[in-house]
Amino acid sequence: MYSRKNPSSSSSAYQRLPTSLLQWMVLDKDQHSHQPTGTDPIPSIYPNLNDTSHSPAQQPQQPQQQPQHVVQMGGGSSAPANVHNIAPAAPASVHRDADDDSKQGMPSVSCLFSLSNTKIKVLNRIAFTVHLAMCGVAIYGRYRNSGGQGQQGFKLKYDRVHLVGKGKAPNGSAAAFATSPFVQLASPYYPATTTSASLNASSAQASQSLSETCGAAVPNVLEFAGSQNFTMEMWTYPKKSGLEVDLGWCVAAFFLLSFLFQMSLELIGASGLNESFQYDKMFDGTMASDAQDEFSMKKAFAMRDARLVKPHMLRRLHFNWWRFVEYSASGSLVLITIAFLAGIMDVELIVCMFVLAATCMLLGIVAEFALRARLVLEKTVEYCRKNTEPSILDRDLSRSKEEQNPLQVLEPVLKDIYAKLSYCFWVSHLLGWVCIIVPWAIVVLHYMAWWSPCSADTLNLSREMLNRMLNRSATAADALDTAANPDTTRKPPDFVMVGFFVSLVLLMVHVLIDASCA
Amino acid sequence: MCLNDFSQGVIIAEIVLYALFGVVQLVQGFFPGGHRKVEASYIVLSLVAKVLLGTILFANVMFT
């Protein structure tokens, strides 16, 4: 619901002011951050705006009216044809009720659920209570698995991956099994692997049993006497990377983090240390406009400087940035817990994935900041269009017609700010998608390469792979090279590092753009 | 023990839930406002994502 101001309050008081007094007041720098009081020339239209206990639920329900003029600064010229025709007593938006959400462009299906600040608060409390309970269950499960000793807990153990290949070796050929090149072909996203393999050649013409088993770094070369069918079996194991995973602590940690962050949101909001943590400010502060906006906009008009609006915009720029900080910690922990389940045990890869996921969540802060700033800008201009008194400037006949309409003077600047904020939002939003898609892609590809053979009895080897296995010299050379440089097998794939650094560079560019917008 | 049975479901479900976080912000970009619904969506999505993962792990790994 909109709280309507009294039509005879501020506007009429404004009209009674002499032009010289208004200009003196507007140009006075000391008045810039001054809170309008009852004795100010510009009275406080909404004295309860800063009252944190003031919630829409406590407001008397009044008939809802849509704003007469919706500013769409990003959608071309939507300025009123003549601001002089706007009634000075046009309603201003101060507090928005839950029903307002459906009027602001959200899908109409969501109107089925009417949300209030109290309901959000209750929902948050339910959430952190559930998180605390799940954290307790996780800790209990961990100690239960360790037999009450609390020393071992549950640690991931992986079954071997069993790959079976079938082929037909031509007469006189040789098969060389180099396990590392095989793994690079079969599971390129799992570098931390120890592999063993065996070859069985079954043929009536076979003069000997061709069954061998090789270790990780020893190529095994078998000569085929005559054309023979052969089967190849291979087992791979996670290489010991020094990383011990305790799933119990992982689960308990992200539940505990969520509980602590969400409870601190409640406590800090209740203590008043941060206005952004108060639900009234979080949901209604952005949409409010009051006498200070009118005051600052008039000053900006008089000075022809849109930057003067900035402090008042920032004053009401409240949003729940704490939520994204929580997600950057707990959400990233959830991701790497799933990565452990998918078989990723490589420390460098885990760190890269954690940083990328956390970067994605932190980019959410930038995106939400741009969204809220854009909304504040819209609402402020909308309010001032309805409440600014152009008739005061009209009296100054020395000004041109364009100067008499201050919104026309400032509108290009405000549109430019709006466009930059939109750009900030889309860049950070899309960059966030990149940052979260990369680690998930690693998880999925790794999972497919690592766990899929569990359910597959036969792996149809490609011609390229068969040719490579049957090529003695190349396979043996590859195997020896790999054996000589065992550390190279533990590095994360190149595209992960590339994606990580590209994301960092783009983030720096975005921060620079954001700083220029500010 | 082969983790293939349930970890596949965990991965798919979590990918969908993580994508929904971005979808919520995307919708917010196209349709400004609705801050309460956005906040409620984030709270519910976060709760569901973590409880789902925790429950599946409890059921398949920690208490088996």
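Below, chains carry the letters A, B, ... as their sequence lines are ordered, and counting in each starts from 1. Computed from a prediction, not measured in an experiment: that's the story for all the values here.
Within the model, atoms CD1 of B:Ile43 and CG of A:Asn320 stand 7.5 Å from one another, a figure rounded to the nearest 0.5 Å. Between the CG atom in B:Leu47 and the CG atom in A:Leu123 there is a gap of 8.0 Å [rounded to 0.5 Å]. Put simply, CD1 on A:Ile338 and CD on B:Glu14 are 4.0 Å apart, with the number rounded to the nearest 0.5 Å. Rounding to the nearest 0.5 Å places NZ of B:Lys50 at 8.5 Å from CZ of A:Phe255. Atom CG of B:Leu53 and atom CZ of A:Phe254 lie 4.5 Å apart (nearest 0.5 Å). In this structure, CD in B:Gln28 is found 9.0 Å from CG in A:Leu375, a value given to the nearest 0.5 Å.
Interface remark: B:Ala19 contributes backbone and side-chain atoms alike to the contact with chain A (heavy atom separation under 4.5 Å). Neither the backbone nor the side chain of B:Ile12 comes within contact range of chain A; no heavy atom of the residue lies under 4.5 Å from a heavy atom of that chain. Residue A:Glu326 touches chain B through its side chain alone, counting heavy-atom pairs closer than 4.5 Å.
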A:Trp426 vs B:Phe30, ring pair (Phe, Tyr, Trp, His ring centres under 6.0 Å): CA-CA, chis, key distance, verdict:
CA-CA 11 Å; A:Trp426 286 113; B:Phe30 283 114; 5.3 Å; yes
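Annotation: side chain of A:Phe319 is not in contact with side chain of B:His35 (no heavy-atom distance under 4.5 Å). The side-chain heavy atoms of B:Tyr42 and A:Phe324, taken from C-beta on, include a pair separated by under 4.5 Å. Between B:Phe21 and A:Ile436 the shortest side-chain heavy-atom distance does not fall below 4.5 Å. With a 4.5 Å cut-off on side-chain heavy atoms, B:Glu39 and A:Arg323 count as touching.
Of the possible donor and acceptor atoms, none in the side chain of A:Tyr327 sits under 3.5 Å from a partner among the backbone N and O of B:Ser46.
Among all heavy-atom pairs drawn from B:Tyr18 and A:Met361, the shortest one is CE2-CE, 3.9 Å.
Ranked by heavy-atom pairs under 4.5 Å with chain B, the first of A:Gly331, A:Ala252, A:Gly432 is A:Gly331.
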